[in-house]
Amino acid sequence: MDDPAVLDTVARRLARIGERRDLDVPALLHRLGIRPDRTGVTRRQVSELTRELWLQTDDELFALGPPAPRGLFRLVVRSVAPAPDLRTALHRLEEAAEVLPGMPAVAVRTADPLVEVDIDVRQLDDPDHVAAELVAIVVHRLLSWLTGQRIALRELRLPWPEPDHAPHYEAVFGRHPRFEADSLVLVFDRGLLSAPVIRGETELAEFLDDQPDVWLATRDYGSGSAPSTCGGCCVRRKRPSAKSGTRSAGTPR
């Protein structure tokens, strides 16, 4: 179930991005049927607002950092998906982040019994941290989708002060963050590295066609967790099955 208060928060944060980019935000919200007070927003409207900001900024990180051309996340997914297991997928994610324009650098480190995925968001001029959250969501969602299971985070470290919407992070990531960390880091069990990638080409095509909604509303991939809603950049709900700055410190082992 989508939480109306959370959706309103997402819409307000996205609208502030448009205002910083000098877009005609009142006209944009009116076209999408979003009220001027930005309340009563639906998940579909949040998805459409995200897409409109992508189009009007010509940037999938909303022109908040180095140019991230439209289609960036599609290229990330296509670079990572042809992997036999999560270990290889993470290695390919590091490589993709190194060569794809606008994608923040990713460094994967292992420290038994944990894996740390460090995402370098220092180049983002992002006071609301929307773009940084979106990248973290994309990485977490993608790894979960590839393996058909939700990747349970042991830690979530965020390099900014605790915001008013802090309680919503647990809804999207399944873990309350540690704020004012040195960098943005997702931490999970090292044992998950051997998890096989189970997605085929048909599922991949459907996944890619569903952007940005695939990042805004995704299932729990068999985790058994209850559907939940987030106030960062994404709102998560259960969906039917498709069938019915440092570079890497080394490759994870």
Side-chain angles (χ1 to χ4, degrees), residues 7 10-34 41-82 89 92-106 119-146 172 184 199 201-218 230 232-236 242:
L7 289 165
V10 178
R12 291 188 188 106
R13 296 177 72 205
L14 290 170
R16 285 198 292 269
I17 290 175
E19 291 165 353
R20 291 190 69 214
R21 303 268 68 81
D22 295 323
L23 303 179
D24 188 348
V25 172
L28 174 58
L29 298 181
H30 178 74
R31 187 165 72 253
L32 298 179
I34 299 174
V41 182
T42 67
R43 187 186 56 77
R44 180 179 180 84
Q45 288 172 322
V46 169
S47 181
E48 291 174 344
L49 180 55
T50 301
R51 186 180 294 107
E52 281 290 330
L53 289 173
W54 282 357
L55 289 171
Q56 294 199 31
T57 63
D58 198 26
D59 192 297
E60 288 197 353
L61 292 179
F62 314 112
L64 295 173
R70 284 186 291 139
L72 170 64
F73 294 140
R74 177 180 290 267
L75 289 173
V76 170
V77 174
R78 283 220 166 266
S79 299
V80 172
R92 291 183 179 179
L93 177 62
E94 288 181 290
E95 293 179 330
E98 189 168 351
V99 300
L100 291 176
M103 180 65 184
V106 175
I119 304 170
D120 186 354
V121 296
R122 291 175 297 176
Q123 294 189 67
L124 296 176
D125 179 16
D126 186 12
D128 264 340
H129 314 296
V130 176
E133 289 173 18
L134 178 58
V135 175
I137 288 165
V138 168
V139 170
H140 189 222
R141 292 284 195 269
L142 175 58
L143 299 178
S144 297
W145 178 79
L146 287 171
V172 59
L184 196 164
R199 303 300 178 180
E201 185 61 34
T202 299
E203 289 170 300
L204 175 60
E206 293 173 352
F207 189 75
L208 291 171
D209 286 345
D210 203 20
Q211 293 189 70
D213 196 60
V214 70
W215 312 123
L216 302 175
T218 50
C230 84
C233 288
C234 96
V235 180
R236 183 155 52 83

How would you list, by chain and number, every residue that makes a side chain to side chain donor-acceptor pair (under 3.5 Å) with [X], sequence neighbours excluded?
X     : result
Arg12 : none
Arg78 : Glu201
Arg20 : Asp125

Of all residues at least two apart in sequence or in a different chain, which pass the side-chain contact (heavy atoms from CB on, under 4.5 Å) check with Val138? Phe73, Leu134, Trp215

Of all residues at least two apart in sequence or in a different chain, which pass the side-chain contact (heavy atoms from CB on, under 4.5 Å) check with Ala68? Asp59, Leu61, Leu72

Set of residues satisfying salt bridge (Lys or Arg N to Asp or Glu O under 4.0 Å) with respect to [X], sequence neighbours excluded:
X      : answer
Arg74  : Asp209
Asp128 : Arg16
Glu19  : Arg38

From [X] [atom1] over to [Y] [atom2], what is the distance, rounded to the nearest 0.5 angstrom?
X      : Y      : atom1 : atom2 : result
Ile137 : Ser144 : CD1   : OG    : 12.0 Å
Gln56  : Arg51  : CD    : CZ    : 13.0 Å
Ile119 : Leu93  : CD1   : CG    : 7.5 Å
Phe207 : Leu146 : CZ    : CG    : 7.0 Å
Arg44  : Leu32  : CZ    : CG    : 10.5 Å
Ile34  : Leu49  : CD1   : CG    : 5.0 Å

For [X] and [Y], work out which heavy atoms get closest and say how close.
X      : Y     : result
Leu53  : Thr57 : O-OG1, 2.6 Å
Val25  : Ala15 : CG2-O, 3.7 Å
Pro104 : Ala97 : O-CB, 3.4 Å
Ala131 : Leu64 : CB-CD1, 3.9 Å
Gly33  : Gln45 : O-NE2, 3.0 Å

Please answer whether the main-chain N or O of Trp145 pairs with a side-chain N or O of Arg199 as donor and acceptor at a distance below 3.5 Å. yes

Tell me which pairs pass salt bridge (Lys or Arg N to Asp or Glu O under 4.0 Å) where either residue lies in residues 60-71, with sequence neighbours left out. Asp58-Arg70

In sequence, state the C-alpha distance, the side-chain angles, and the governing distance for Val41 and Val10, and then conclude on side chain to side chain contact (heavy atoms under 4.5 Å, CB included). CA-CA 9 Å; Val41 182; Val10 178; over 6 Å; no

Just wondering, do Phe62 and Leu14 contact through their side chains at under 4.5 Å, heavy atoms? yes

Any pair with a residue in residues 21-34 that passes side chain to side chain donor-acceptor pair (under 3.5 Å), sequence neighbours left out, goes on the list, sorted by first then second residue, please. Arg31-Glu52

